[in-house]
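For reference, the structure is listed below as structure tokens.
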Amino acid sequence: MEDTLAVYPGSFDPMTCGHLDIVRRGLTVFDRIRVAVAYNKDKVGSGLFTPDERVAMIREVSSEFGDRVTVDSFSGLLVEYCRKVKAGTIIRGLRAVADFEYEFQMTMMNRHMAPDVETVFLMADQDHFYTSSSLIREVIALGGHAPKLVPELIEKELIKKFRP
Ligand code: PNS
């Protein structure tokens with residue numbers, strides 16, 4: 001039987017422990033996961049980290065998973081990217097109910113464009129239910145710490161960005 005491959009897309013600006021938890025859970029279901037950093041090529045520079053910086057950090061923090069996890073970036077439609085890499089599944093993490101509406105809309109739109117690509121949702125661990133990249137960016141920018149919410153390496157990179 002062929003390996004099962006899923007794409008785990010997101011902005012990952014930056015990747016949090018909640019995202020890593022979803023990767024770990026995803027690997028119990030799929031043989032391989034391709035973490036895909038989405039960016040808009042017409043708005044490069046709009047995030048805190050560049051797509052290349054995000055990819056490099058994700059590679060470091062996901063190295064424990066070996067070659068079952070690969071990391072890439074893409075601009076354009078997610079479903080086109082899935083076709084390009086021959087993945088039939090998209091993984092998304094769900095936190096609180098607040099995520100539902102947005103995720104529902106995205107899933108339906110992706111299904112409309114690509115009925116052959118299925119989206120599956122994995123629940124983040126409850127420790128990560130209320131974290132997000134944007135909240136973590138804000139906490140670090142304001143001089144706080146987010147131990148256990150963001151990998152140490154990434155916290156260091158955040159501190160470098162905000163307090164060079
Ligand atoms: O981490 P995020 O910001 O919630 O991830 C959102 C993401 C990147 C998955 C979504 O914006 C996306 O799929 N972008 C790629 C462009 C695209 O396909 N847009 C139509 C989605 S319905």
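Note that ligands are numbered from 1 as they come in the structure, with each ligand's atoms numbered from 1 the same way. The first residue of the sequence shown is numbered 1, and numbering continues consecutively from there. Only heavy atoms go into these numbers, but all of them, side chains included; no hydrogens, no water, no symmetry mates.
- Under a 4.0 Å N-O distance rule, the pair Glu2/Lys86 does not qualify as a salt bridge.
- Note on ring orientation: taking the six-membered ring where Trp is involved, the planes of Phe12 and His19 are perpendicular (angle over 60°, cut-offs 30° and 60°).
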Would you mind writing out a table of all protein N or O atoms found under 3.5 Å from any N or O atom of ligand 1, naming both atoms and giving the distance to 0.1 Å?
from     : atom 1 : to     : atom 2 : distance (Å)
ligand 1 : 1 (O)  : Ser11  : N      : 3.0
ligand 1 : 3 (O)  : Ser11  : OG     : 2.5
ligand 1 : 4 (O)  : Arg92  : NH2    : 2.9
ligand 1 : 4 (O)  : Tyr102 : OH     : 3.4
ligand 1 : 5 (O)  : Arg92  : NH1    : 3.3
ligand 1 : 18 (O) : Leu78  : N      : 2.8

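- Under a 3.5 Å cut-off, the side chain of Arg68 and the backbone N or O of Asp31 do form a donor-acceptor pair.
- For Glu138, the CD atom is loosely surrounded, since the number of other residues' heavy atoms within 6.0 Å does not exceed 12.
- Looking only at distances, no side-chain donor or acceptor of Arg95 sits under 3.5 Å from a matching main-chain atom of Ala124.
- When every heavy atom of Val71 is checked against every heavy atom of Arg59, the shortest pair comes out as O-NH2, 2.7 Å.
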